[in-house]
Amino acid sequence: MNIRSFITASGLALMFSLLLGSAAQAAEIKVLVAFPFKVVIEDIAPKFERATGHKLVITFATLGAIVKRVQDGETTDVVIVPRQGIDSLVKGGKAAASNVTVVARTGIGVAVRKGAPKPDISSPEALKRTLLAAKSITYSNPADGGASGIHFVKVLERLGIADEMRPKTVLAKPGDETGVLVATGKVEIGVHHLQVLLPIAGIEIVGPLPGDLQDTLIFEAAIMNGAKSAEASKALLEFLRTPEAVAVIKAKGMEPATQ
């Protein structure tokens, strides 16, 4: 073999070796994500995959459903849900506190159809008057385990109008149905997490729930005990704190969180 052929063969062998090494290091990461973080992770996922070579297999569900699935024995590598869900999983021995990373914060907002007059929600009393005057409202069905719906039921009870609102309430499915119902004119007012409402065409955000009626959710990501792709999962948690991921979180209407 002449020297040129040797160099070519050596180069091909080295390239093949690097490709094999890259393939060996790449991992498939199973991730359970709460619906309110869907718009964020769908944008971040391809960026993470390009940067690391790892593959994310993402399943979306409500906070309550995710916690129940893990507690019932479903195996996954990473869970991204509001803090109360992570606290429950840590307490139940499904994850270690040292493997938890704070990712983002968000609040609950009120929306109306685009072009409709924006009602006054500047104070608890103003919100109460607006809700009582509304012909119809919608929010996530609390029975599905969504955090915004569970909280808003408490808001209605605190305002003392739960019974009055029940006949004109249309309970929405998990995900973006709350905003869709408002955009299509099927209901007058929708209440959901701000980052879920923002991308929906045909609606306008009136503003956040006022004062101490607000519920600030802190989203956390946790590596589950026994994760099959522990190192790759750690890389995902680290990526969620990078400037690239932070830019996405801000663009989607959430506030990047610190520990």
Side-chain angles (χ1 to χ4, degrees), residues 33-41 60-68 79-91 100 102-112 119-131 134 137-162 165-166 169-179 181-182 187 189-200 203 205-222 249-250 252-259:
V33 180
F35 278 118
F37 203 69
K38 185 174 186 286
V39 293
V40 175
I41 199 66
F60 298 103
T62 63
L63 164 63
I66 288 173
V67 171
K68 186 177 186 305
V79 167
I80 304 176
V81 296
R83 172 172 285 172
Q84 57 265 42
I86 297 298
D87 287 347
S88 177
L89 294 176
V90 169
K91 185 177 180 181
V100 175
V102 180
V103 179
R105 302 173 189 271
T106 187
I108 297 174
V110 176
V112 295
D120 184 6
I121 62 167
S122 59
S123 67
E125 277 303 313
L127 175 64
K128 179 178 179 178
R129 290 192 297 269
T130 289
L131 293 173
I137 68 168
T138 184
Y139 53 89
S140 293
N141 190 342
D144 292 326
S148 64
I150 292 172
H151 176 72
F152 194 62
V153 166
K154 296 176 183 177
V155 169
L156 296 177
E157 291 172 349
R158 182 172 168 184
L159 293 175
I161 58 173
M165 298 308 298
R166 197 168 291 115
T169 296
V170 177
L171 294 175
K173 297 175 183 177
D176 61 3
E177 187 178 37
T178 295
L181 288 170
V182 175
V187 293
I189 291 175
V191 179
H192 209 318
H193 291 112
L194 288 165
Q195 78 280 4
V196 178
L197 295 171
L198 280 171
I200 299 174
I203 68 172
I205 307 298
V206 179
L209 291 179
D212 61 0
L213 295 182
Q214 182 58 261
D215 180 41
T216 301
L217 281 184
I218 300 174
F219 276 81
E220 296 181 336
I249 290 169
K250 289 181 178 179
K252 298 301 181 182
M254 300 182 79
E255 176 190 345
T258 57
Q259 298 284 6

Asker: Which of these, Arg158, Glu157, Met165, sits in a side-chain contact (heavy atoms from CB on, under 4.5 Å) with Ile161?
Answerer: Met165
Asker: Tell me the closest heavy-atom pair linking Ile121 and Pro208, and the distance in Å.
Answerer: CD1-O, 3.6 Å
Asker: If you look at every heavy atom in Val155 and Leu213, which pair is closest and at what distance?
Answerer: CG2-O, 3.7 Å
Asker: Take Ile137 and Leu131 through the side-chain contact (heavy atoms from CB on, under 4.5 Å) test and state the conclusion after the steps.
Answerer: CA-CA 8 Å; Ile137 68 168; Leu131 293 173; 4.1 Å; yes
Asker: With rounding to the nearest 0.5 angstrom, report the CD1 to OG1 distance, Ile189 to Thr138.
Answerer: 11.0 Å
Asker: Heavy atoms only: give me the nearest Gly175-His192 pair and the separation to one decimal.
Answerer: O-NE2, 3.2 Å
Asker: Quick one: pull up CD1 in Ile80 and CD in Glu220 and give me the separation to the nearest 0.5 Å.
Answerer: 11.5 Å
Asker: Once rounded to the nearest 0.5 Å, what's the spacing between atom CZ of Arg166 and atom CG of Leu171?
Answerer: 10.0 Å
Asker: Nearest 0.5 Å please: distance from the NZ atom of Lys173 over to the CG atom of Leu181.
Answerer: 9.5 Å
Asker: Might you point out which heavy atoms bring Phe219 and Gln195 nearest each other, and give the distance in Å?
Answerer: CE1-NE2, 4.5 Å
Asker: How long is the straight-line distance from CZ of Phe35 back to CG of Leu63, given to the nearest 0.5 Å?
Answerer: 12.0 Å
Asker: Taking the side chain as every heavy atom from C-beta outward, state whether Ile108 and Tyr139 have any atom pair closer than 4.5 Å.
Answerer: no
Asker: Got a second to check how far Ser123's OG is from Lys128's NZ, nearest 0.5 Å?
Answerer: 11.0 Å
Asker: Provide the closest heavy-atom pair for Ile200 versus Asp176 in the form atom of the first, atom of the second, distance.
Answerer: CD1-O, 3.6 Å
Asker: What I'd like to find out is whether the side chain of Leu209 reaches to under 4.5 Å of the side chain of Val110, using heavy atoms alone.
Answerer: yes
Asker: Between Pro142 and Val153, what is the shortest heavy-atom contact and its length?
Answerer: CG-CG2, 3.4 Å
Asker: May I ask you to decide if Ala126's main-chain N or O and Thr130's side chain share a donor-acceptor pair within less than 3.5 Å?
Answerer: yes
Asker: Any sub-3.5 Å donor-acceptor pair from Thr178's side-chain atoms to Gly190's backbone N or O?
Answerer: no
Asker: Looking only at atom types and distance, does a side-chain atom of Thr106 sit under 3.5 Å from a main-chain N or O of Leu217, one as donor and one as acceptor?
Answerer: no
Asker: Hey, are the side chains of Val102 and Arg83 touching, using non-hydrogen atoms and a 4.5 Å cut-off?
Answerer: yes
Asker: Can you find a heavy atom in the side chain of Leu159 that is under 4.5 Å from one in the side chain of Pro124?
Answerer: yes
Asker: Using a 3.5 Å distance criterion without hydrogens, assess whether the side chain of Asp144 forms a donor-acceptor pair with backbone atoms of Gly146.
Answerer: no
Asker: One pair to check against side-chain contact (heavy atoms from CB on, under 4.5 Å): Val196 and Val39. What are the steps and the verdict?
Answerer: CA-CA 7 Å; Val196 178; Val39 293; 5.8 Å; no
